[in-house]
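One structure is given here, and the rest of the page talks about it.
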Amino acid sequence: MITAFVFIQTQSNKIPEAAEKISALPGISEVYSVTGEWDLIAIARVQQHEDLADVVADHLSKVEGVVETTTHIAFRAYSRHDLEAAFSIGLE
């Protein structure tokens, strides 16, 4: 499974509509509105890199109101559970 974070700039008057349309796309698991330079961050989860290209280039970037995207592919996930195990010294 490939996980990617897609940072999205939209037209300011289209943020909610763009978020709804993006969240309905196959391969998109979550969409967050955020503060800062970007308006939305979408989490894409796909089986292959080619699928990611389809989701972002062929669908997400063509949603009305989307102005710009930047995609970051995740290498490894760290959960709280993983971090606790990594730093554990075996004491209960």
Side-chain angles (χ1 to χ4, degrees):
M1 177 73 58
I2 297 166
T3 300
F5 300 90
V6 185
F7 292 62
I8 305 159
Q9 280 187 338
T10 66
Q11 297 170 344
S12 61
N13 62 337
K14 301 278 186 180
I15 295 171
E17 296 85 355
E20 287 293 324
K21 289 179 183 174
I22 292 166
S23 69
L25 294 173
I28 300 295
S29 63
E30 301 162 65
V31 178
Y32 296 93
S33 60
V34 296
T35 61
E37 180 181 348
W38 302 95
D39 300 309
L40 302 169
I41 297 176
I43 299 175
R45 291 189 170 92
V46 296
Q47 292 298 317
Q48 301 178 26
H49 284 97
E50 294 81 12
D51 299 332
L52 185 59
D54 291 340
V55 170
V56 176
D58 295 341
H59 298 290
L60 189 152
S61 65
K62 295 179 181 174
V63 168
E64 183 180 350
V66 171
V67 175
E68 181 180 353
T69 66
T70 298
T71 302
H72 301 265
I73 297 173
F75 291 133
R76 182 177 294 152
Y78 296 93
S79 69
R80 181 177 175 164
H81 173 71
D82 293 338
L83 291 175
E84 287 173 357
F87 292 103
S88 173
I89 58 173
L91 299 177
E92 293 295 322

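For reference, positions follow the sequence shown, starting with 1.
- Between E64 and K14 there is a side-chain heavy-atom pair separated by less than 4.5 Å.
- Hydrophobic cluster membership of V66, counting Ile, Leu, Val, Met, Phe, Trp and Tyr whose side-chain heavy atoms lie under 4.5 Å apart directly or via other members: I2, V6, I8, I15, I22, L25, I28, V31, L40, V46, L52, V55, V56, L60, V63, I73.
- Residue I41 shares its hydrophobic cluster (ILVMFWY side chains chained together at separations under 4.5 Å) with F5, F7, Y32, V34, W38, I43.
- For S61, the side-chain hydrogen bond (donor to acceptor under 3.5 Å, both in side chains) test picks out no residue, with sequence neighbours left out.
- Considering every non-hydrogen atom in both Q9 and E37, the closest pair reads NE2-O, 3.1 Å.
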Could you go through the side-chain contact (heavy atoms from CB on, under 4.5 Å) check for K62 and K21 one step at a time?
CA-CA 10 Å; K62 295 179 181 174; K21 289 179 183 174; over 6 Å; no

